[in-house]
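Notes for the one structure printed next.
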Amino acid sequence: MSAAVFKQPSPPHIGPNPGLLAHLRARVQTLEHPGARAPQAGARTPARPIKTVSVGAAAIDAALPWNGLPAQGLHEIFGDAAAFGFCASLLVRLLADTDAPILWCRPARDAHGELYGQGLAAAGLDPERLILVHGRDDTEILWAMEEGLRSAALAAVVGSPRKIPPIAGRRLQLAAEESGTAGLLLRPEDNGGHQAATSAALSRWRVLSAPSQPARGSGGRIIAMGPPEWRLELQRCRFAMARGQNLREAGKPRAWLVEWCNETGNFPMVAALRDGSAATIADADANAGPQPDKEANAA
Amino acid sequence: MATVTAVHGGQRIAAANDAARAEGISPGMALADARALYPGLGVRQMAPEDDLQALKRLSRAAMRYTPWVAIDPLGDKAGNGFGSLGGDAGLWLDVSGCAHLFGGEAALLADLNERFARHGFAARAAMASTPGAAWALARFGQAGGHIVAPGGETEALAALPVAGLRITGRAGEALQRVGLRRIDDLLQMPRGPLARRFGRAVLERLDQALGKTDEPISPRSIAPLIQARRVFAEPVGRREDIDAATTGLLGHIAAQLETTGQGARRMDLTLYRVDNSSQQVRIGTARAVRDAPHLARLFRDKMEDFDAGFGVEVMALAATETAPLAQRQGELPDNSPSGLSNNKTNDLSFSDAGESAARLIDRLAGRLGPASVTRLRAQASHLPERASRAIPVFKEKRATGSDAPPRPDLWRGAPRRGPRPIRLLAQPMAIEVMAPVPDGPPVMFRWRRRQYKVTNAEGPERIAPEWWRRRNRLPAGATTLEHGTRDYYRIEDESGKRYWLYREGLYRPDRPPRWYLHGFFA
């Protein structure tokens, strides 16, 4: 690939006892969130360790304060058609160790078509585990999402409302935290997803398609289409400050160029973009040194 | 007066009243012939559905005599194309052990005849120890109610025509042709040859009528059996009161369901207001449920905009559709009426994830409408738009999320199948395309007034129409090559977005190819 790939500095060492740290972190989170001290939470163990799923590559996981994406909480995904793929790859990992179904709340009419079972199956997602709900408007979609997040019977809830009033977003986040269910707000820009300045979600991603590299045979002849490539940008992330990971200030990459592997849902190739602009790919190239070694993460 | 129906392209008499019969008009006759016999004949179109409804109402009325009432199942098997509803319809009443309540069998029969006559029905009734004998006597015996003592069937039936044995179709005609007209004639015949010549059905009917073999009658099920009702001393109007009463009624229903091992799939709550108006609220569930708090919540969601008006006097709740539901350990505490007051609708208390997912589906479908909650099912079709179908959860036979997918292989498709997009347009959209080679992939396409430059393409994958399906049948003289064959390409544009396009039909110089956009890859 032309966008070069360089080795990430290893994630900051977490100290002698990662388990204890995770426990403490969970407690801090419980304290910080008034919603988490609902009666049920009190009845359970005082602080659950946060269950996380990999984003798809260790290099990206390391950039998150949880070293992965928390499976209990709300995440926003913006972008174009690639956002669907990113969402599907997250769902595959969220479903990995549970039998619970997914609730996917969609607008009743979508000019860009309906979810296609065979396509989801190709992305590794079992279409039989989807419960599809069509809402006539945002109110219905948000209501269905909240019901789903509260029920604790689901592995994840995906929803595509056009707009999210701040209070509704907050309610979703609290519901997701209480029940320990992942909520994904999938808001493709071709469907009128508007970005609000603030949101209650734990993280916000923007996923855009990027020109892919065709597979070449001998003599540089193009023999097939290469795997899809996405430009993955972590736009917002709560608790980054708590871990001294103010992304902007730490100069850590917030954007990556990834290659999506349909079979595993992982990103076998990851290239960091320095400040999120495509122009700096060359810059990353220079930093990578003379021998950029490709980093294969089978996370 | 007669009713007519269209049979084999002509209007034929389906049923005629006594006056018409007296003029020589009989069922099966062409309407033109009947008009020739009696020009002033009043004619109505036959309404089998209404007839059946009327018969059902009658069957309900007949339940005053016995709980065991069935509609004559002869129905369409009558063979004349009119069904048996054209005046020959009947009801079975099993009055075993009921007659003494009406002062004996004769009194019961007389009462029945009188009641039907009073309501304007011309009815004939007969009583015998076997359904078959009673059927024959009611239709061909003397009028006014014939009662056959046990054992007297042979004697009573002997003089009746063979049609009284409910032998229809070819066997009936064959018997007519050889001159076996009365039941007595059949009784004289050796059984072996009879069965060989006219089929076993003849002997079976004979035995049934004479009581040599049993004939089970399946009674009409009386729905709803599981119901509860609450009458208020004073009309209530507050939502809280109505909700509390609903919960109480659900407790009774749950207890009834528990004893019968059933769960509710559909429930109707009828609220009668003081001003004699009423409103019905219906809920449905994805799988059988008898958990009162869950059902109460479904009703609460559904009744958000309920207007009590001047107050509600009576509430009646019925489980109109039930399905067997095994006893579950986890549900026992929730079923006790005492557990109803503390509204523990929090699903965290249910251990079984599938169970609480079903509850969630019920709530979603209750508010958004049953058609809005669907699941994807794979279908054995290689047309992309038919291969995956969204099926409403309530329509589905299988319970949710509990068992393995039935055909996981269908999702993957054939091993050499091309890639499939993650989103598919239900209706492919026509696009304008620029292709340098007529049967190659495009280099540019226009969709929704925007131009997309193709940087990368893969294909084609050829998908032929399913010509064996009636909807896809080709026009005469056409071949699949020009109709419906699609060549699919996976296309990448400058920004890296991927589309699924296809060209319909094979390229022909005299016809510009038509291109469509069908899906979006991630």
Side-chain angles (χ1 to χ4, degrees), chain A residues 40 80-89 98-101 103 108 110-123 126-136 140 143-144 147-148 150-154 178-179 208-212 214 222 224-226 228-231 260 262, chain B residues 346-348 350 353-361 363-364 367-368 371-378 384 387-390 393 400-402 404-406 408 410-413 417 419-426 448 455-458 490 492-499 518-522:
Chain A
Q40 304 96 329
D80 56 19
F84 277 86
F86 181 64
C87 181
S89 72
T98 161
D99 295 333
L103 183 71
D110 188 342
H112 284 71
E114 197 39 73
L115 290 174
Y116 188 46
Q118 272 74 7
L120 293 169
D126 180 5
E128 309 261 343
R129 286 174 73 176
L130 279 187
I131 301 167
L132 272 179
V133 166
H134 288 98
R136 280 175 288 269
E140 288 197 348
W143 174 83
E147 285 288 313
R150 285 200 191 287
S151 82
L154 303 167
E178 265 175 41
S179 65
L208 297 173
S209 307
S212 70
I222 296 176
M225 234 171 171
E229 272 185 41
W230 302 333
R231 193 178 166 286
W260 183 36
N262 259 351
Chain B
N346 195 326
D347 286 333
L348 290 171
F350 303 115
E355 189 63 41
S356 59
R359 283 153 209 268
L360 173 68
I361 290 173
R363 280 204 304 280
L364 294 172
R367 166 140 173 199
L368 307 177
S372 300
V373 187
T374 54
R375 304 193 74 142
L376 293 176
R377 289 287 171 251
S388 168
R389 273 188 64 195
V393 278
T400 58
S402 57
L410 287 179
W411 290 119
R412 289 289 181 175
R417 196 194 64 184
R420 290 288 181 266
I422 203 159
R423 285 181 293 170
L424 190 80
L425 293 167
R448 290 190 166 184
T455 57
N456 213 338
E458 197 177 81
R490 188 160 59 137
E492 187 175 310
D493 74 359
E494 279 174 308
S495 65
K497 294 197 193 80
R498 296 179 171 204
Y499 306 86
H518 203 176
F520 303 88
F521 288 94

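Order of the sequence lines fixes the chain letters, A, B, ..., with proteins taken first and strands second; residue numbering starts at 1 for each chain.
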Are the side chains of [Y] and [X] in contact, using a 4.5 Å heavy-atom criterion?
X	Y	result
B:Asn456	A:Ser212	yes
A:Glu147	B:Leu360	yes
B:Arg375	A:Ile131	yes

For the candidates [options], which exhibits the highest count of non-hydrogen atom pairs separated by less than 4.5 Å from chain B?
options	result
A:Cys87, A:Pro214, A:Ala210	A:Ala210
A:Ala88, A:Ala224, A:Pro211, A:Gly85	A:Pro211
A:Glu140, A:Met225, A:His134	A:Met225

To check you understand the geometry: which heavy-atom pair defines the closest contact between [X] and [Y], and what is its length?
X	Y	answer
A:Pro127	B:Trp411	CG-CD2, 3.5 Å
A:Ala153	B:Ala357	CB-N, 3.5 Å
A:Gly113	B:Leu425	N-CD2, 3.5 Å
B:Ser388	A:Tyr116	CB-CE1, 3.8 Å

With a 4.5 angstrom heavy-atom cut-off, which part of [X] approaches chain A: side chain, backbone, both or neither?
X	answer
B:Thr374	both
B:Arg490	both
B:Pro419	neither

| field | Euclidean distance, A:His112 NE2 relative to B:Ile422 CD1, rounded to 0.5 Å | value |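 Nearest 0.5 Å value for the CD1-NE2 distance: 14.0 Å.
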| Atom CG in B:Leu424, atom CG in A:Leu120: separation rounded to 0.5 Å? |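 B:Leu424 CG to A:Leu120 CG: 11.0 Å, rounded to 0.5 Å.
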| request: Mark yes or no for whether A:Gln118, through its side chain, and B:Arg420, through its backbone, hold a donor-acceptor pair below 3.5 Å. | output: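 It does not hold such a pair.
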| task | Could you walk me through whether A:Ser151 and B:Arg363 pass the side chain to side chain donor-acceptor pair (under 3.5 Å) test, one step at a time? | result | CA-CA 11 Å; A:Ser151 82; B:Arg363 280 204 304 280; 5.6 Å; no
| message | Less than 4.5 Å to any heavy atom of chain B: does that hold for the side chain of A:Leu208, its backbone, both, or neither? | response |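 Contact with chain B involves no heavy atom of A:Leu208 at all.
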| request: Check each atom of A:Leu154 against the heavy atoms of chain B and say whether the ones under 4.5 Å are side chain, backbone, both or neither. | output: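 Side chain of A:Leu154 only, per the 4.5 Å heavy-atom cut-off to chain B.
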| Looking at B:His518, B:Arg389, B:Arg448, B:Arg367, which one has more heavy-atom pairs under 4.5 Å with chain A than the rest? |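 Result: the option with the highest number of such pairs is B:Arg367.
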